[in-house]
Amino acid sequence: MRVTKAIKQQMLALLEETYQDTTTALTYTTPFELLIAVILSAQCTDVRVNIITGRMFPKYSTPEKILELGQSGLEEQIRDCGLYHSKAKNIIATCTMLCEQYQGQVPDSIEELVKLPGVGRKTANVVVSQLFHIPAIAVDTHVFRVANRLQLAKGKTPLEVEKGLMKAIPRDKWSDAHHWLIWHGRKVCKARKPECTVCCLCELCPSALLQEQQK
DNA sequence: CTCCCGATAT
DNA sequence: ATATCAGGAG
(Lines give C-alpha, C1' and ligand atoms only; values in the text may rest on other atoms or scores of the structure.)
Protein backbone atom coordinates (compact mmCIF):
# COMPACT_ATOMS: atom_id res chain seq x y z
CA MET A 1 0.00 0.00 0.00
CA ARG A 2 1.33 3.34 -1.04
CA VAL A 3 1.08 6.32 1.28
CA THR A 4 0.02 9.19 -0.97
CA LYS A 5 0.17 12.89 -0.24
CA ALA A 6 -3.56 12.80 0.43
CA ILE A 7 -3.17 10.00 2.97
CA LYS A 8 -0.37 11.90 4.70
CA GLN A 9 -2.69 14.89 5.00
CA GLN A 10 -5.39 12.69 6.52
CA MET A 11 -2.87 11.29 9.00
CA LEU A 12 -1.77 14.78 10.00
CA ALA A 13 -5.35 15.96 10.42
CA LEU A 14 -6.11 13.01 12.70
CA LEU A 15 -2.93 13.53 14.70
CA GLU A 16 -3.74 17.20 15.14
CA GLU A 17 -7.26 16.40 16.29
CA THR A 18 -6.03 13.78 18.76
CA TYR A 19 -2.98 15.57 20.16
CA GLN A 20 -3.85 19.25 19.68
CA ASP A 21 -3.17 20.21 23.28
CA THR A 22 0.17 18.46 23.69
CA THR A 23 3.41 20.27 24.42
CA THR A 24 6.75 19.52 26.03
CA ALA A 25 6.65 17.31 29.09
CA LEU A 26 9.91 18.71 30.45
CA THR A 27 9.45 21.12 33.34
CA TYR A 28 11.42 24.38 33.27
CA THR A 29 11.06 28.03 34.20
CA THR A 30 13.88 29.67 32.18
CA PRO A 31 15.55 29.19 28.77
CA PHE A 32 18.67 27.88 30.49
CA GLU A 33 16.66 25.31 32.43
CA LEU A 34 15.08 24.03 29.21
CA LEU A 35 18.49 23.71 27.55
CA ILE A 36 19.83 21.64 30.45
CA ALA A 37 16.67 19.52 30.64
CA VAL A 38 16.88 18.67 26.93
CA ILE A 39 20.57 17.75 27.19
CA LEU A 40 19.73 15.45 30.10
CA SER A 41 16.87 13.84 28.18
CA ALA A 42 19.15 11.89 25.83
CA GLN A 43 18.38 8.15 26.19
CA CYS A 44 16.27 8.87 29.26
CA THR A 45 12.55 9.33 29.90
CA ASP A 46 11.21 12.83 30.45
CA VAL A 47 9.68 11.65 33.73
CA ARG A 48 13.13 10.85 35.09
CA VAL A 49 14.59 14.11 33.83
CA ASN A 50 11.85 15.99 35.68
CA ILE A 51 12.68 14.15 38.91
CA ILE A 52 16.32 15.18 38.57
CA THR A 53 15.72 18.79 37.53
CA GLY A 54 12.97 19.11 40.13
CA ARG A 55 15.48 18.70 42.92
CA MET A 56 18.42 20.37 41.13
CA PHE A 57 16.96 23.58 39.67
CA PRO A 58 15.77 25.09 42.97
CA LYS A 59 19.44 25.24 44.04
CA TYR A 60 21.31 25.25 40.71
CA SER A 61 19.48 26.99 37.87
CA THR A 62 22.11 29.23 36.22
CA PRO A 63 25.40 28.52 34.42
CA GLU A 64 27.28 30.11 37.31
CA LYS A 65 25.60 27.91 39.92
CA ILE A 66 26.21 24.74 37.88
CA LEU A 67 29.89 25.65 37.50
CA GLU A 68 30.08 25.98 41.29
CA LEU A 69 28.92 22.36 41.53
CA GLY A 70 31.87 21.15 39.46
CA GLN A 71 32.12 17.92 37.49
CA SER A 72 31.72 15.49 40.40
CA GLY A 73 29.07 17.61 42.11
CA LEU A 74 27.01 17.72 38.93
CA GLU A 75 27.47 13.98 38.34
CA GLU A 76 26.01 13.37 41.78
CA GLN A 77 22.95 15.47 40.88
CA ILE A 78 22.26 13.77 37.55
CA ARG A 79 23.54 10.26 38.22
CA ASP A 80 20.30 8.32 37.77
CA CYS A 81 19.47 9.58 34.29
CA GLY A 82 22.26 7.49 32.76
CA LEU A 83 25.19 8.62 30.58
CA TYR A 84 25.89 10.87 33.54
CA HIS A 85 29.64 11.22 33.13
CA SER A 86 29.51 12.53 29.56
CA LYS A 87 26.41 14.60 30.22
CA ALA A 88 28.06 16.27 33.22
CA LYS A 89 31.23 16.94 31.24
CA ASN A 90 29.24 18.45 28.36
CA ILE A 91 27.03 20.56 30.61
CA ILE A 92 30.03 22.00 32.44
CA ALA A 93 31.66 22.87 29.11
CA THR A 94 28.41 24.38 27.83
CA CYS A 95 28.01 26.51 30.97
CA THR A 96 31.57 27.77 30.54
CA MET A 97 30.87 28.75 26.93
CA LEU A 98 27.59 30.43 27.85
CA CYS A 99 29.35 32.55 30.48
CA GLU A 100 32.39 33.42 28.38
CA GLN A 101 30.85 33.86 24.91
CA TYR A 102 27.09 34.33 25.27
CA GLN A 103 26.70 36.56 28.34
CA GLY A 104 25.01 33.69 30.11
CA GLN A 105 22.16 33.70 27.56
CA VAL A 106 20.93 30.72 25.51
CA PRO A 107 21.71 31.35 21.79
CA ASP A 108 18.69 31.69 19.50
CA SER A 109 19.89 29.91 16.35
CA ILE A 110 20.58 26.30 15.46
CA GLU A 111 24.05 27.19 14.14
CA GLU A 112 25.09 28.71 17.47
CA LEU A 113 23.37 26.09 19.63
CA VAL A 114 25.11 23.11 18.03
CA LYS A 115 28.47 24.68 18.92
CA LEU A 116 27.64 23.95 22.56
CA PRO A 117 29.03 20.63 23.85
CA GLY A 118 26.25 18.07 24.30
CA VAL A 119 23.95 19.94 21.93
CA GLY A 120 23.30 18.22 18.61
CA ARG A 121 20.72 18.90 15.94
CA LYS A 122 17.83 17.32 17.83
CA THR A 123 18.42 19.35 21.00
CA ALA A 124 18.96 22.56 19.00
CA ASN A 125 15.67 22.04 17.17
CA VAL A 126 13.79 21.57 20.44
CA VAL A 127 15.31 24.74 21.90
CA VAL A 128 14.66 27.06 18.96
CA SER A 129 11.09 25.87 18.47
CA GLN A 130 10.20 25.88 22.16
CA LEU A 131 11.98 29.08 23.24
CA PHE A 132 12.08 31.23 20.14
CA HIS A 133 9.05 29.99 18.20
CA ILE A 134 11.10 29.15 15.15
CA PRO A 135 9.45 26.40 13.05
CA ALA A 136 11.48 23.20 13.51
CA ILE A 137 11.04 19.43 13.71
CA ALA A 138 13.27 17.74 16.25
CA VAL A 139 13.65 14.09 15.29
CA ASP A 140 14.17 11.98 18.39
CA THR A 141 13.71 8.24 18.77
CA HIS A 142 9.89 8.55 18.86
CA VAL A 143 9.52 10.88 15.88
CA PHE A 144 11.96 8.73 13.90
CA ARG A 145 10.06 5.51 14.64
CA VAL A 146 6.54 6.89 14.15
CA ALA A 147 7.36 8.75 10.94
CA ASN A 148 8.86 5.62 9.42
CA ARG A 149 6.01 3.35 10.53
CA LEU A 150 3.40 5.69 9.12
CA GLN A 151 5.64 6.39 6.13
CA LEU A 152 4.98 10.06 6.71
CA ALA A 153 8.71 10.30 6.03
CA LYS A 154 11.02 7.42 5.27
CA GLY A 155 14.70 7.65 6.17
CA LYS A 156 17.64 5.77 7.59
CA THR A 157 18.90 8.74 9.60
CA PRO A 158 17.18 11.38 11.74
CA LEU A 159 18.23 14.10 9.29
CA GLU A 160 16.61 12.29 6.36
CA VAL A 161 13.39 11.92 8.34
CA GLU A 162 13.53 15.57 9.36
CA LYS A 163 13.75 16.67 5.73
CA GLY A 164 10.95 14.31 4.72
CA LEU A 165 8.68 15.62 7.47
CA MET A 166 9.41 19.21 6.49
CA LYS A 167 8.13 18.39 3.00
CA ALA A 168 5.04 16.56 4.25
CA ILE A 169 4.01 19.15 6.85
CA PRO A 170 3.25 22.86 6.30
CA ARG A 171 5.86 25.06 7.97
CA ASP A 172 3.46 26.67 10.41
CA LYS A 173 2.63 23.22 11.83
CA TRP A 174 6.19 21.92 12.20
CA SER A 175 6.59 22.57 15.90
CA ASP A 176 3.11 21.33 16.78
CA ALA A 177 3.49 18.21 14.61
CA HIS A 178 6.71 17.39 16.44
CA HIS A 179 4.70 17.12 19.65
CA TRP A 180 1.87 15.14 18.03
CA LEU A 181 4.40 12.54 16.87
CA ILE A 182 6.19 12.42 20.22
CA TRP A 183 3.02 11.82 22.19
CA HIS A 184 1.70 9.31 19.68
CA GLY A 185 5.01 7.43 19.93
CA ARG A 186 4.90 7.46 23.71
CA LYS A 187 1.30 6.54 24.34
CA VAL A 188 0.25 4.45 21.32
CA CYS A 189 2.89 3.75 18.69
CA LYS A 190 5.36 2.39 21.24
CA ALA A 191 8.67 0.82 20.27
CA ARG A 192 8.05 -2.60 21.81
CA LYS A 193 4.30 -3.10 21.83
CA PRO A 194 2.49 -0.65 19.55
CA GLU A 195 -1.21 -0.49 20.43
CA CYS A 196 -2.58 -0.58 16.91
CA THR A 197 -6.05 -1.58 18.08
CA VAL A 198 -6.60 1.78 19.79
CA CYS A 199 -4.62 3.84 17.28
CA CYS A 200 -6.45 6.73 15.63
CA LEU A 201 -4.47 6.01 12.44
CA CYS A 202 -4.92 2.21 12.27
CA GLU A 203 -6.95 2.47 9.05
CA LEU A 204 -4.25 4.46 7.29
CA CYS A 205 -1.04 2.99 8.71
CA PRO A 206 0.97 0.74 6.38
CA SER A 207 2.71 -0.90 9.35
CA ALA A 208 -0.47 -1.83 11.22
CA LEU A 209 -1.43 -4.31 8.52
CA LEU A 210 2.01 -5.87 8.67
CA GLN A 211 1.54 -6.67 12.33
CA GLU A 212 -1.81 -8.36 11.77
CA GLN A 213 -0.17 -10.65 9.25
CA GLN A 214 2.57 -11.59 11.68
CA LYS A 215 0.11 -12.90 14.28
C1' DC B 1 30.57 2.52 13.71
C1' DT B 2 31.08 2.27 19.15
C1' DC B 3 30.66 4.05 23.58
C1' DC B 4 28.34 6.24 27.25
C1' DC B 5 24.68 4.24 31.45
C1' DG B 6 20.83 4.01 35.29
C1' DA B 7 15.90 3.06 35.68
C1' DT B 8 11.94 0.96 33.89
C1' DA B 9 8.69 -2.08 31.20
C1' DT B 10 8.06 -6.34 29.13
C1' DA C 1 17.23 -11.21 30.75
C1' DT C 2 16.75 -7.55 27.52
C1' DA C 3 14.97 -3.60 24.88
C1' DT C 4 14.14 1.05 25.48
C1' DC C 5 14.23 5.77 27.05
C1' DA C 6 12.94 13.72 23.96
C1' DG C 7 21.24 11.71 21.62
C1' DG C 8 25.83 13.22 21.05
C1' DA C 9 30.89 12.72 20.78
C1' DG C 10 34.98 10.38 19.20
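Chain letters run A, B, ... following the sequence lines, proteins first and then strands; every chain starts at 1. If you're wondering where the values come from, they're calculated on a predicted model, not measured in any experiment.
- Side-chain N or O atoms of A:Thr94 include one that pairs as donor or acceptor with a backbone N or O of A:Pro117 at under 3.5 Å.
- Pairs of residues two or more places apart, or lying in two chains, that qualify as side-chain hydrogen bond (donor to acceptor under 3.5 Å, both in side chains) and include a residue from residues 23-32 of chain A are A:Thr27-A:Asn50, A:Tyr28-A:Gln130, A:Thr29-A:Glu33.
- Counted within 6.0 Å of CD on A:Glu203, heavy atoms from surrounding residues, nucleotides or ligands total 12 or fewer; the atom is thus considered open.
- Using a distance-only test at 3.5 Å, with no hydrogens or angles considered, no donor-acceptor pair links the side chain of A:Arg186 to the main chain of A:His142.
- With both ends at atom P, the span from B:dC5 to C:dA1 equals 24 Å, rounded to whole Å.
- Nucleotides of DNA chain B lying under 4.0 Å from heavy atoms of chain A occupy a range whose first and last members, 5' to 3', are B:dC4 to B:dT10.
- A salt bridge links A:Glu162 with A:Arg121: the distance from a Lys NZ or Arg NE/NH1/NH2 to an Asp or Glu carboxylate oxygen falls below 4.0 Å.
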Open item on the list: Output one letter per nucleotide in nucleotides 4-10 of chain C: B when a protein non-hydrogen atom lies under 4.0 Å from the base, S when only the sugar-phosphate is that close, - when neither is.
Closed with: SBBBSS-
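- We find that A:Asp80 and A:Arg55 are joined by a salt bridge, their nearest charged nitrogen and carboxylate oxygen being less than 4.0 Å apart.
- Taking the six-membered ring for Trp and the full ring otherwise, A:His184 and A:Tyr19 have centroids separated by under 6.0 Å.
- Under the 3.5 Å distance criterion, with hydrogens and angles disregarded, a donor-acceptor pair is assigned to the side chains of A:Tyr102 and A:Glu112.
- B:dT2 and C:dA6 have their P atoms separated by 23 Å, with the value rounded to a whole Å.
- Heavy-atom distances to DNA chain B give each of A:Tyr84 and A:Ile51 a nearest nucleotide, and the one nearer the 5′ end belongs to A:Tyr84.
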